[in-house]
Amino acid sequence: QVQLVESGGGLVQAGGSLRLSCAASGRTFGIYAMGWFRQAPGKEREFVATISWSGGMTYYADSVKGRFTISRDNNKNAVYLQMNSLKPEDTAVYYCAAGPRITSSPGEYHNWGQGTQVTVSS
């Protein structure tokens, strides 16, 4: 089990960048795949990106491919989401999650952070 805390959200203009961080506690962080999801008001939680336990495999939603980059540092028990060329439709609460495998399905992640708000103004 890991506990997850996101940070780095905020207000940014369209075209700008933000870097989200997710700090994990627990000795077993390095064995989990990690994912980023987001949820906008009135919408379901949607997949953004995921990374394997080693960092060797990544997978992105089509809507963010080429703009967002997921990475992790197992020595620091952290996972990151670099978000570039932000659009107003990226506005949402962003969550990190830990799970047993690289997948876009939120149901397969067993630990979630509390979320961090990202707002992109036009």
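Values reported hereafter were calculated over all heavy atoms of this structure, with side chains retained and with hydrogens, waters and symmetry mates removed. Just so it is clear, the structure is predicted and the values come from calculations on it, not from any experiment.
Ile31 and Ile70 fall within a single hydrophobic cluster, where Ile, Leu, Val, Met, Phe, Trp and Tyr are joined by side-chain heavy atoms under 4.5 Å apart, directly or via other members. Ile51 is not connected to Tyr80 by any chain of hydrophobic side-chain contacts under 4.5 Å among Ile, Leu, Val, Met, Phe, Trp and Tyr, and they are in different clusters. Phe68 and Phe47 are members of different hydrophobic clusters when ILVMFWY side chains are connected at heavy-atom separations under 4.5 Å. Residue Val93 is not grouped with residue Leu18 when hydrophobic side chains (ILVMFWY) are merged at heavy-atom distances under 4.5 angstrom, including chains of intermediate members.
To the nearest 0.5 angstrom, Asn111 atom CG is 8.5 Å from Met34 atom CE. The structure places CE of Met57 at 9.0 Å from OG1 of Thr50, a figure rounded to the nearest 0.5 Å. Taking CD of Gln39 as the reference point, atom CD of Glu44 lies at 8.0 Å (rounded to 0.5 Å). Atom CH2 of Trp36 is separated from atom CG of Leu81 by 6.0 Å, given to the nearest 0.5 angstrom. Rounded to the nearest 0.5 angstrom, Tyr109 OH and Arg45 CZ are separated by 12.5 Å. Rounding to the nearest 0.5 angstrom, the gap separating the CG atom in Leu86 from the OG1 atom in Thr91 is 8.5 Å.
Contact check for Tyr32 versus Pro100: no side-chain heavy atoms found under the 4.5 Å cut-off.
Between Trp112 and Phe37, the ring center distance clears the sub-6.0 Å criterion.
Remark: Arg72 fails to qualify as a cation-pi partner of Trp53 under the 6.0 Å distance and 45° angle criteria applied to the six-membered ring. Remark: Arg38 fails to qualify as a cation-pi partner of Tyr95 under the 6.0 Å distance and 45° angle criteria applied to the six-membered ring.
A salt bridge links Lys65 with Asp62; the closest basic N to acidic carboxylate O contact falls under 4.0 Å.
Between Ile102 and Ala33 the shortest heavy-atom distance is N-CB, 3.7 Å.
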**Asked** Going through the distances and angles, do Gln114 and Val5 end up as a side chain to side chain contact (heavy atoms under 4.5 Å, CB included)?
**Response** CA-CA 7 Å; Gln114 83 292 346; Val5 179; 4.1 Å; yes

